[in-house]
Amino acid sequence: MFKISQSSSTLSPKKSNYNWIELDAVDSTNNYAMGLVHAGTAQHGTVVLAHHQTKGKGQRGKVWATEPGANLSFSIVVKPGLLINQAFQLLATVAVTVRNELEMYIGDEASIKWPNDLYWRDRKTGGILIENVLRGKDWQWAIIGIGININQTSFGDLKNPVSIKQITGKQTDVTAFAKQLHTAILNALMQLKETGFTSFFDDYNQHLFRRNEVVRLKKETRILHTRINGVNLQGQLSTGIETEEYFAFGEVEWLL
Ligand code: BTN
């Protein structure tokens, strides 16, 4: 039913081994990974990959539903080594790394839609859901859940999804993609610790969806026509043409 193996990465992080747990089906890889954390069996770098999620979780309590066997649904457990008020650094580093990986398949129209969506043109190729385990102020674990549309070509009435296959016409090996991305993310997190956030922050802003464009955002009942200027170091969205206005996660909704 499922496979647990140790995978060795050829790139740094050195020759470390990571738990690689591959499941045919599970409710949510994030839930499964959280179970490992609570059972005390997770390590930094542990992966839970499922070929089918029966109750995948999206951002803000939404459901993340995808066709069985067609897409990437996986979670990476990490020890962040940051303060919880630096949570945007982890998210942005992961988002930039996923975008860079996607660029190799779908080209430079891959972007990051604030705060944690991956886009191609104006369509969604994937999303990130990070869940945290804190003890007091100590940020002990982060579960980085990533869903990418890879080989699915029909999405029913979902609003604006797109898969790598729809963009390139080619089938992609989901597990191979996951292995590359896992290595890239662990390397990026090591770089974040060693050299700091600046280059990831710049990369995030450089590839920010609709940057310097006027867009429509919704704040409660108000519709704003405003320009996207970038994000600040705390991850707030900077908007505005003459006066700048910042928004935190969840404060505004995109109207596309
Ligand atoms: C979003 O865009 O709403 C975030 C989607 C995150 C989905 C991934 S799939 C793997 C991991 N397990 C989950 O239940 N959710 C995340």
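Order of appearance sets the numbers: ligands from 1, and atoms from 1 within every ligand.
- In terms of modelled atom types and a separation under 3.5 Å, the side chain of N187 and the main chain of T183 share a donor-acceptor contact.
- The pair K165-E67 does not count as a salt bridge, with every side-chain nitrogen at least 4.0 angstrom from each carboxylate oxygen.
- A perpendicular orientation is assigned to the rings of F88 and Y204, their planes being inclined by more than 60° (bins at 30° and 60°).
- Within a 6.0 Å radius of NZ in K193, other residues, nucleotides and ligands contribute more than 12 heavy atoms.
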At less than 3.5 Å, what protein N or O atoms come close to the N or O atoms of ligand 1? Include the distances to 0.1 Å.
{"residue": "ligand 1", "atom": "2 (O)", "partner": "Q59", "partner atom": "NE2", "Å": "3.1"}
{"residue": "ligand 1", "atom": "2 (O)", "partner": "K124", "partner atom": "NZ", "Å": "2.6"}
{"residue": "ligand 1", "atom": "3 (O)", "partner": "Q59", "partner atom": "N", "Å": "2.8"}
{"residue": "ligand 1", "atom": "12 (N)", "partner": "T29", "partner atom": "OG1", "Å": "3.0"}
{"residue": "ligand 1", "atom": "12 (N)", "partner": "Q53", "partner atom": "OE1", "Å": "2.9"}
{"residue": "ligand 1", "atom": "14 (O)", "partner": "S28", "partner atom": "OG", "Å": "2.8"}
{"residue": "ligand 1", "atom": "14 (O)", "partner": "Q53", "partner atom": "OE1", "Å": "3.4"}
{"residue": "ligand 1", "atom": "14 (O)", "partner": "K57", "partner atom": "N", "Å": "2.7"}
{"residue": "ligand 1", "atom": "15 (N)", "partner": "K57", "partner atom": "O", "Å": "2.8"}

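- Aromatic rings from W114 and F249 are positioned such that their centres are separated by under 6.0 Å.
- Remark: E251 engages K219 in a salt bridge, criterion side-chain N to carboxylate O under 4.0 Å.
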